[in-house]
Amino acid sequence: MSHRQILADWPTEERSARAVQDELRARVVLDEPGPPPGTGFVTGVDVAYDDECDLVAAAAVVLDAATLDVVEESTAVGRISFPYVPGLLAFREIPTVVAALEGLDSRPGLVVCDGYGLAHPRRFGLASHLGVLTGLPTIGVAKNPFTFTYEEPAAPRGSTAPLLDGDEEVGRALRTRDGVKPVYVSVGHRTSLETACAHTLSLTPNYRQPETTRRADALCRRALAEAQEDATRA
DNA sequence: GCGACAG
DNA sequence: ATCTTGTCGC
């Protein structure tokens, strides 16, 4: 789906946004293992906002999965399409993220999102939604446990604990640095939870957050700053 | 009804 | 997400 098609019928109200999630959820593919970690490309996406200027900037950064070297970068700037509502984050982030992905010449490979996929009140978070719209394999790696619960994983990097919604495992708390707060991994589209965790570990040789997210975060902030300058000047 | 709540 | 300096520690 193109950026324009997506924006053409983008919901404005919370009620219709939730209805979209309930409908699209059936299209999530959960029975594919996903691309093996350490080979091909891995792409990070992230978004930065300026609510005052009504500006949103997204970045997509393609990394070589084996070396974590940057292969290609893309940014897109737009208007804010939805307020932040817990559970409806995708409606705020996706239009500009898709535009940034469309700017790439490379095939993105696995897309790593800053947020959740299956770990979502209606089992259709940002990573699930982006996966269904693009057809790409996606995973979600969040910095906070949202409304979910978990037992503290053991201290060493690589330790995990189930991320639970009641008694249902919706993701995993994964320790990416010894003794540091874990990240919260969930499946998006066309990937298994095991694959998602393996990718997350291979993307965190030095920091808590995946290299994909760190690169995309830095890039979208830069893009937002430039857009703010342009807006101020005009 | 009240509080909590990915980014 | 964003507002924001110095500072403790490897």
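Every chain is numbered from 1 and lettered A, B, ... according to where its sequence line falls, protein lines coming before strand lines. All values below were derived from every heavy atom in this structure, side-chain atoms included, with hydrogens, water molecules and symmetry-related copies excluded.
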Value rounded to 0.5 Å, distance of [atom1] in [X] from [atom2] in [Y]:
X         : Y         : atom1 : atom2 : value
Arg172(A) : Ser186(A) : CZ    : OG    : 11.5 Å
Tyr49(A)  : Tyr84(A)  : OH    : OH    : 10.0 Å
Cys220(A) : Glu73(A)  : SG    : CD    : 11.5 Å
Tyr207(A) : Arg177(A) : OH    : CZ    : 9.0 Å

Sugar-phosphate atoms are those with a prime plus P, OP1 and OP2; base atoms are the rest. Using that split, label each nucleotide of nucleotides 1-7 of chain B B, S or - for protein heavy atoms under 4.0 Å, 5' to 3'.
-> ----BBB
How would nucleotides 4-10 of chain C be written as a contact map, 5' to 3', with B for base contact, S for sugar-phosphate-only contact and - for no contact, using protein heavy atoms under 4.0 Å?
-> -------
[X]/[Y] ion pair, N-O < 4.0 Å:
X         : Y         : value
Arg175(A) : Asp178(A) : no
Arg4(A)   : Glu102(A) : no
Arg221(A) : Asp217(A) : yes

Please answer: with hydrophobic residues joined when any side-chain heavy atoms are less than 4.5 Å apart, are Val185(A) and Leu118(A) in the same cluster?
->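 No; tracing contacts between hydrophobic side chains, which count when under 4.5 Å, never links both residues.
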Using the ring of each side chain (for Trp, its six-membered ring), is Phe91(A) parallel, tilted or perpendicular to His129(A), with breaks at 30° and 60°?
->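 Plane angle over 60°, so perpendicular.
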Pair assignment for DNA chain B - dot-bracket with | for other-strand partners, Watson-Crick or G-U under 3.5 Å = .......
Round to a whole Å and report the spacing from CG of Leu55(A) to P of dT2(C).
->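 So the CG-P distance, Leu55(A) to dT2(C), works out to 12 Å.
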Is it true that the NZ or CZ of Arg27(A) lies under 6.0 Å from the centre of Phe124(A)'s six-membered ring and within 45 degrees of the ring axis?
->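 Judged by the rule (NZ or CZ under 6.0 Å from the ring centre, within 45° of its axis), Arg27(A) is not positioned above Phe124(A).
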